[in-house]
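Have a look at the structure below, then the notes.
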2 protein chains.
Amino acid sequence: MRPYDCAMLNTSRDLSAREVEFLPFDLGKINSAKLNTLLKHQQLLHKGQHLYRMDEPCHALFIVRSGSIKTYTPTNNGDEKVQGFHLPKDLIGLEALSEERYSISAVALTMSTVYKLPIKSLEEIYKKNPRLGNKLHKLIGKVIDNNYRMFTLIGKKNSGVRVATMLLNLSSQYHELGYSATELCLTMTRKDIGNYLGLAEETVSRIFTQFHHLGILTADKKQLVIHDVKALNLVATGKST
Amino acid sequence: MRPYDCAMLNTSRDLSAREVEFLPFDLGKINSAKLNTLLKHQQLLHKGQHLYRMDEPCHALFIVRSGSIKTYTPTNNGDEKVQGFHLPKDLIGLEALSEERYSISAVALTMSTVYKLPIKSLEEIYKKNPRLGNKLHKLIGKVIDNNYRMFTLIGKKNSGVRVATMLLNLSSQYHELGYSATELCLTMTRKDIGNYLGLAEETVSRIFTQFHHLGILTADKKQLVIHDVKALNLVATGKST
DNA sequence: CGATGAGTTGATCTAGATCAAAAGCGGTGG
DNA sequence: CCACCGCTTTTGATCTAGATCAACTCATCG
């Protein structure tokens with residue numbers, strides 16, 4: 001299977017059948033004309049370009065369509081806390097619902113496109129299309145559920161488990177998108193990975209070489225090849241030595 | 001101001017004006033009869049009793065009305081990861097929206113009461129009462145926003161900052177509920193606090209005595225008195241020595 | 001080309017974990 | 001009422017995973 005390709009995409013406003021596949025909803029009865037009235041516009045982001053910044057007023061949520069988005073909290077001292085890496089089908093911006101103002105920032109790690117879901121249209125979705133509203137709820141639940149998994153990972157697990165788990169998550173997410181689960185492109189730096197997992201970049205690097213020596217994977221710069229998914233799973237579940 | 005009191009509460013089905021104050025919604029136009037059709041039943045929990053357990057099917061969200069609820073993820077080895085402590089007005093159970101099955105467990109730390117919000121009624125809320133639906137969205141946003149703060153706290157901050165921040169959060173939450181911000185009852189053990197913050201219980205204990213020596217607080221068993229909120233804030237923001 | 005940033009590897013240090021012991025304190029049952 | 005057990009908390013001593021510091025190698029790029 002082909003590895004994920006961040007190649008250029010069509011950026012027209014209307015959703016084609018192919019694109020609709022990429023939405024995290026089971027669209028069933030909803031035709032794309034109807035959907036277009038809810039998902040207004042899509043937006044193209046170049047590498048390094050921000051989708052939104054902390055403290056900006058929030059008028060919309062976003063669903064990633066292609067590429068890779070990093071969310072992070074800037075800290076007083078110029079540093080940052082990486083909060084997540086978001087691939088196609090991911091919903092982002094929920095954290096802003098409470099204050100109608102983004103409380104974190106989102107930046108494109110590669111050229112990316114996102115669908116814009118105006119907050120005003122949420123009400124309409126719930127009213128006119130309860131099934132879609134239900135899907136949205138499930139997505140919200142998934143975000144929160146995933147957060148709890150992260151708390152366990154960062155609060156209780158050692159560096160090897162953290163890195164292995166993160167790589168497996170990436171792998172399965174790519175797989176669900178129809179790409180290779182074993183050969184993929186890390187869109188983020190070692191430093192970003194470390195920051196996300198509560199580790200130093202040197203530690204991440206060491207774990208990578210350690211996994212390489214165990215024959216589990218090969219990580220050459222951004223290119224990652226997983227040779228032994230089973231072994232990686234054993235590490236992630238703490239069942240390895 | 002009186003410290004939070006976990007005393008016995010009336011457990012009748014209908015909401016009195018006094019109780020309505022305790023809901024996290026700005027109820028404005030909504031009269032309590034109408035609300036009763038949405039918030040079915042309330043539930044009394046004794047100390048140690050579970051509200052729900054991981055893997056159980058989920059039919060409802062809950063809003064804490066009184067007492068103190070701990071959520072946690074049981075781990076394979078009989079241990080657990082504490083995910084949160086929930087006080088009145090907190091919404092819990094969102095993580096179950098994605099699978100219609102709870103992915104964590106919730107247990108009462110003191111005698112508590114909760115309002116039950118059946119998932120089926122969510123649709124109705126959005127349809128018939130968009131204002132209330134909007135409030136629900138804000139609550140969801142708040143939960144997620146708070147999760148990001150926790151990621152930063154646990155991924156980047158040292159033990160002193162973690163404990164100070166947690167105590168200040170508790171303090172301000174009690175304050176918002178109309179209780180003393182400086183004199184409060186810790187409903188959880190040191191072990192729970194440590195587990196929640198990614199620290200050993202011994203570390204939490206040491207931080208408490210350290211804060212005591214600095215004149216910041218007195219923690220005698222469950223009883224906490226904050227003597228110097230300003231200093232505690234300095235610690236929490238990393239601006240202290 | 002120089003420069004700047006990403007990645008790797010080695011040496012050293014330290015915050016906080018772990019291990020150990022003891023004290024306090026309910027609760028229970030005879 | 002007392003003896004006992006189990007749980008929580010505290011404090012001290014020791015250990016270690018991972019941070020930090022430092023040096024070097026590549027790529028990429030204006």
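None of the values given here were measured: they were computed from a predicted structure.
Rounded to an integer number of Å, the gap from NE2 of B/His213 to P of D/dT10 is 11 Å. One can place NZ of A/Lys221 at 12 Å from C1' of D/dT25, the figure rounded to the nearest angstrom. In this structure, NZ of B/Lys157 is placed 16 Å from P of D/dA19, rounded to the nearest angstrom. Between the NZ atom of A/Lys156 and the P atom of C/dG16 there is a distance of 16 Å, given to the nearest Å. At whole-Å resolution of the value, CZ in A/Phe211 and C1' in C/dT8 are 16 Å apart. Nucleotide D/dT8 holds its C1' atom 13 Å from the CG atom of B/Leu186, rounded to whole Å. Atom CG in B/Asn158 sits about 13 Å away from atom C1' in D/dA19, given to the nearest Å. Rounded to an integer number of Å, the gap from CG of B/Asp220 to C1' of C/dG26 is 15 Å.
Contact between the side-chain N/O atoms of A/Ser159 and the OP1/OP2 oxygens of D/dA17 is not found at any separation under 4.0 Å. The phosphate of D/dT9 has OP1 or OP2 within less than 4.0 Å of a side-chain N or O from B/Arg190. The shortest distance between the side-chain N/O atoms of A/Lys222 and the OP1/OP2 oxygens of D/dA27 is not below 4.0 Å.
Taken to the nearest 0.5 Å, the CZ atom of B/Arg149 stands 7.0 Å off from the CG atom of B/Asn146.
A pairwise comparison of heavy atoms in A/Leu97 and B/Gly141 identifies CB-CA, 3.8 Å as the closest pair.
Residue B/Ala200 has its side chain nearest to C/dT18 when only D/dT20, C/dT18, D/dG18 are considered. Considering only side-chain atoms of A/Thr189, the nucleotide from D/dT8, C/dT8, C/dG7 that sits closest is C/dG7.
Distance alone, capped at 3.5 Å, is enough to place a donor-acceptor pair between the A/Arg101 side chain and the A/Asp55 backbone.
Residue contacts shown for B/Gly198 are limited to sugar-phosphate atoms, with no base heavy atom under 4.0 Å away.
A side-chain N or O of B/Ser103 and one of A/Asp145 form a donor-acceptor pair less than 3.5 Å apart. For the residue pair B/Ser68 / B/Thr110, no side-chain donor-acceptor distance below 3.5 Å is found, with atom types taken as modelled. Judged purely by distance below 3.5 Å, without hydrogens or angles, the side chains of A/Gln83 and B/Thr152 pair a donor atom with an acceptor atom. Side-chain contact annotation: A/Thr71 with A/His86, donor-acceptor N/O pair under 3.5 Å present.
Using a 4.0 Å cut-off on heavy atoms, the residues of residues 201-208 of chain A that approach DNA chain C are A/Glu202, A/Ser205, A/Arg206, listed by number.
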